[in-house]
Amino acid sequence: MESFILIILVIFPGVRGGDWGVTSGDQCALRGSSVIIDCQYDYPSGRWVTSVGWSKLLPALGRPGHFILSQLPLNSAYFNYVGNYWSDCRLRINNVQHDDEGAYLFNFVTTINGWTSKRAARLSVRELTTVVEPSTVTEGGEVRLSCVSGCSTPVNILWFRDGQPVPQPGFQATREDAGRYYCAVQGQETVRSAPVALNVQYAPRKVTLSMTPSVIKGGAVTFRCSSDANPPVPQSGYSLHKDGHLISSEQNHTVSNIQPPHSGLYSCQAWNNISRSGISRINSTQLHLDVLYPPENMSILMDPLDVIEGGSMNLSCSSAANPAAHSYTWFRQSAPSLSSMLRVGSGPLLTLPSVDASHTGLYLCTARNQLGENNSSVVMLTMRKEYQGEQTVPVLAGIGVCVFVALLLALLLFWLKQRTRAEKKPTVFDFRLSGRGSSSSGPSDSVYANIQPNIRQALPSPPPAAQEITPLSQRSHHEQEAPMSYEDDVTYATVTIKPINSTHHMNSRSRAGDDDDSVIYASLA
Ligand SMILES: *[C@@H]1O[C@H](CO)[C@@H](O)[C@H](O)[C@H]1NC(C)=O
Ligand SMILES: *[C@@H]1O[C@H](CO)[C@@H](O)[C@H](O)[C@H]1NC(C)=O
Ligand SMILES: *[C@@H]1O[C@H](CO)[C@@H](O)[C@H](O)[C@H]1NC(C)=O
Ligand SMILES: *[C@@H]1O[C@H](CO)[C@@H](O)[C@H](O)[C@H]1NC(C)=O
Ligand SMILES: *[C@@H]1O[C@H](CO)[C@@H](O)[C@H](O)[C@H]1NC(C)=O
Ligand SMILES: *[C@@H]1O[C@H](CO)[C@@H](O)[C@H](O)[C@H]1NC(C)=O
Ligand SMILES: *[C@@H]1O[C@H](CO)[C@@H](O)[C@H](O)[C@H]1NC(C)=O
């Protein structure tokens, strides 16, 4: 190569044939790019170049207004001399940084004399700048990206978001479009702008209610609402609903001492002032809270309510339990004095197909689930007499009562009539205590009755005859103290003398055929 240059130099010595001089142009470079400082030089003919160099003008430390020349290492990775040894003095600077901005001077030495630029080449280093408009956008809004270059040199631009290419500099923002955007020079992707963030705001997504799905009665549950939202949902932006009703406006809501009524469908809502499709309050999915508890509120239902002997009876045991009771046991306490209960069955329904006396007593049932057991209160199973329950029995009984009352009335009427007649004629009581008196069929008009003096001894209890003749008006009195009234009756009965045919007595052998004038004599001993 060197021999080739020498040959050229030998063949065309002083090809420039001019004056000493260096011409160079000012440059604008984007930071990170490579730049070539244009440069041409000339010198009088008849000589050849023995060395070239580039230096940068630097302010002299401590001497304001004074500059020093700093020789550049032309074969470094940074500075490359891309000119030649007779006319081209271009300098390439790789990966230009702001430090590189400044004035550059070229110098060269020939076989006779050397030369340094009289006018420096100025290098300015500029930036690519990304503009994102707007930088905060609501999901669905339009976004425009633009790239501003500090140098007037036109460049082809590419777009990147977080290192990934972006196809279009204009788009409708989605949540995924949020990120850091920069533009870069096509073919020199290291020449890029500083990244600029795009903030995409969106209504809450993934609104999630978390809680323990099942809890034992008396325990505690914390309902926690969370969401993905931009801006994040503030504390005042959450609410908790049970079966559609607001129960809390906290993000974290704790219920201690959980009870069965806390069971239900829960959901939460989140909002951050951003709406999606016109809805700003976003619901979580619904979660069911299951409160578990051992059986309670137990009762026994009797069907029918009472039973006759031989009838059937169903006892059903009901309980509130979660999970539902899985086993039921029936107990009977036959005698109230016995404290021990006899196990009589299992299952929620106790069927007694044919009830008899041995089935009566107190019943209770026990229900059990995984969490425990509980007892119902006791019910009493009694049995009614056989016919009372029948439909025809009360009717028959009613008829019987009516007939009885009618008979009684008829009897009363008859007695009243007889009494009216008796007022005209004195009434006689045919009082026979001794069978020997036997006046009944005798031809004589007189009736003799012999009363025993030891009447009470002979008749420890009132004889049927005495009861039969007791006047109605005195009957109640009799029933209270029969022995005493008996004596009284005797006193009255013995002295009455009346016509036979008007006699009121129950004796079937009454003297229907006797004359009105007949007289009865009764003597009392
Ligand atoms: C969200 O939940 C609330 C309360 O439970 C309910 O009133 C509303 O209808 C729900 N909205 C939607 C869109 O489901
Ligand atoms: C709710 O609970 C979560 C998780 O424990 C916690 O990160 C959050 O700060 C709580 N929120 C409030 C408002 O206390
Ligand atoms: C919604 O905006 C209003 C007014 O700008 C503000 O007072 C309120 O706190 C905001 N609510 C939320 C949940 O961001
Ligand atoms: C049994 O039931 C009653 C009321 O139905 C309830 O108060 C009690 O706590 C229950 N007992 C048990 C052991 O669960
Ligand atoms: C038991 O009965 C009481 C009173 O009627 C009621 O408040 C409670 O909710 C009932 N328990 C269950 C589990 O149904
Ligand atoms: C008792 O229950 C059984 C079975 O469910 C039913 O067949 C029968 O009719 C019931 N008896 C009464 C008296 O309800
Ligand atoms: C229920 O009754 C049974 C039988 O009387 C008894 O052994 C048990 O202790 C009772 N259980 C409860 C929880 O009262």
Side-chain angles (χ1 to χ4, degrees), residues 203-209 211 214-219 223 225-227 229 233 237-251 253 255 257-272 274-325 328 330 344-356 359 363 365 367-377 379 381-384 389:
R205 298 149 58 100
K206 298 183 198 144
V207 179
T208 307
L209 176 64
M211 64 184 205
S214 70
V215 65
I216 294 172
K217 177 181 150 177
F223 302 89
C225 200
S226 64
S227 65
V233 176
Y238 285 105
S239 63
L240 179 68
H241 302 255
K242 173 180 181 285
D243 300 322
H245 300 290
L246 174 74
I247 57 166
S248 167
S249 299
E250 297 167 277
Q251 183 185 8
H253 178 67
V255 179
N257 192 19
I258 283 281
Q259 292 298 312
H262 287 121
S263 296
L265 276 178
Y266 287 82
S267 68
C268 71
Q269 257 182 4
W271 65 96
N272 63 349
I274 312 281
S275 64
R276 177 183 300 126
S277 324
I279 298 169
S280 60
R281 290 171 181 246
I282 313 296
N283 285 355
S284 70
T285 53
Q286 294 192 311
L287 286 186
H288 191 262
L289 176 68
D290 208 17
V291 178
L292 307 175
Y293 51 95
E296 59 179 61
N297 289 0
M298 292 186 58
S299 62
I300 294 178
L301 186 73
M302 300 176 80
D303 179 27
L305 286 175
D306 53 14
V307 68
I308 57 160
E309 181 157 14
S312 81
M313 166 66 90
N314 280 348
L315 299 175
S316 53
C317 187
S318 74
S319 66
N322 191 12
Y328 292 86
W330 290 90
V344 291
S346 61
L349 183 68
L350 180 68
T351 297
L352 306 172
S354 173
V355 174
D356 61 39
H359 291 124
Y363 283 79
C365 65
R368 169 183 287 279
N369 71 0
Q370 287 84 335
L371 296 165
E373 67 167 16
N374 208 343
N375 285 346
S376 69
S377 49
V379 296
L381 175 64
T382 53
M383 211 171 58
R384 282 180 295 121

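Order of listing sets the numbers, starting from 1, for every ligand and every atom in it. Side-chain atoms are counted along with the backbone in the values below, which use heavy atoms only and exclude waters and symmetry mates. Index from 1, following the sequence.
Closest to atom 11 (N) of ligand 6, if we only count protein heavy atoms, is N314 ND2, 2.8 Å. Ranking the protein heavy atoms by distance from atom 7 (O) of ligand 1 puts G244 O, 4.9 Å first. Of all protein heavy atoms, the one lying nearest to atom 5 (O) of ligand 6 is L349 CD2, 3.8 Å. Looking at atom 6 (C) of ligand 5, its nearest protein heavy atom turns out to be N297 ND2, 4.1 Å. In this structure, the protein non-hydrogen atom closest to atom 12 (C) of ligand 1 is N283 ND2, 3.1 Å. Of the protein's heavy atoms, H241 ND1, 3.6 Å lies nearest to atom 4 (C) of ligand 1.
Where the criterion is an N or O separation shorter than 3.5 Å, residue side chain and backbone included, T351 fails it with respect to ligand 6.
The presence of a protein heavy atom under 4.0 Å from atom 14 (O) of ligand 5 is confirmed. There is a protein heavy atom closer than 4.0 angstrom to atom 2 (O) of ligand 5. Protein non-hydrogen atoms do not reach within 4.0 Å of atom 9 (O) of ligand 6.
Between V233 and Y238, some side-chain heavy-atom pair lies under the 4.5 Å cut-off.
Around atom CG of L305, no more than 12 heavy atoms belonging to other residues, nucleotides or ligands sit under 6.0 Å away.
For ligand 5, the atoms sitting less than 4.0 Å from at least one non-hydrogen atom of Y293 are 13 (C), numbered in the order shown with element in parentheses. With ligand atoms numbered from 1 in the order given, ligand 6 contributes 13 (C) to contacts under 4.0 Å with heavy atoms of S312.
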Could you tabulate the donor-acceptor pairs under 3.5 Å formed by side-chain atoms of residues 286-297, not counting sequence neighbours?
from: D290; atom 1: OD1; to: N322; atom 2: ND2; distance (Å): 2.7
from: E296; atom 1: OE1; to: K217; atom 2: NZ; distance (Å): 2.7

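Under the 3.5 Å distance criterion, with hydrogens and angles disregarded, a donor-acceptor pair is assigned to the side chains of S318 and S299. For the residue pair E250/H253, the side-chain donor-acceptor check at 3.5 Å is satisfied. A side-chain donor from one of N314 and T351 sits under 3.5 Å from a side-chain acceptor of the other. Using modelled atom types and a 3.5 Å distance limit, the side chains of Y363 and S376 yield no donor-acceptor pair.
Contacts of Q269 with ligand 1, taken as heavy-atom pairs under 4.0 Å, involve the side chain alone.
Judged by distance alone, with hydrogens and angles left aside, the side-chain atoms of T208 form a donor-acceptor pair with the main-chain N or O of K206 at under 3.5 Å.
When the options I300, D303, L301 are evaluated for a side-chain contact (heavy atoms from CB on, under 4.5 Å) with S316, the one that passes is L301.
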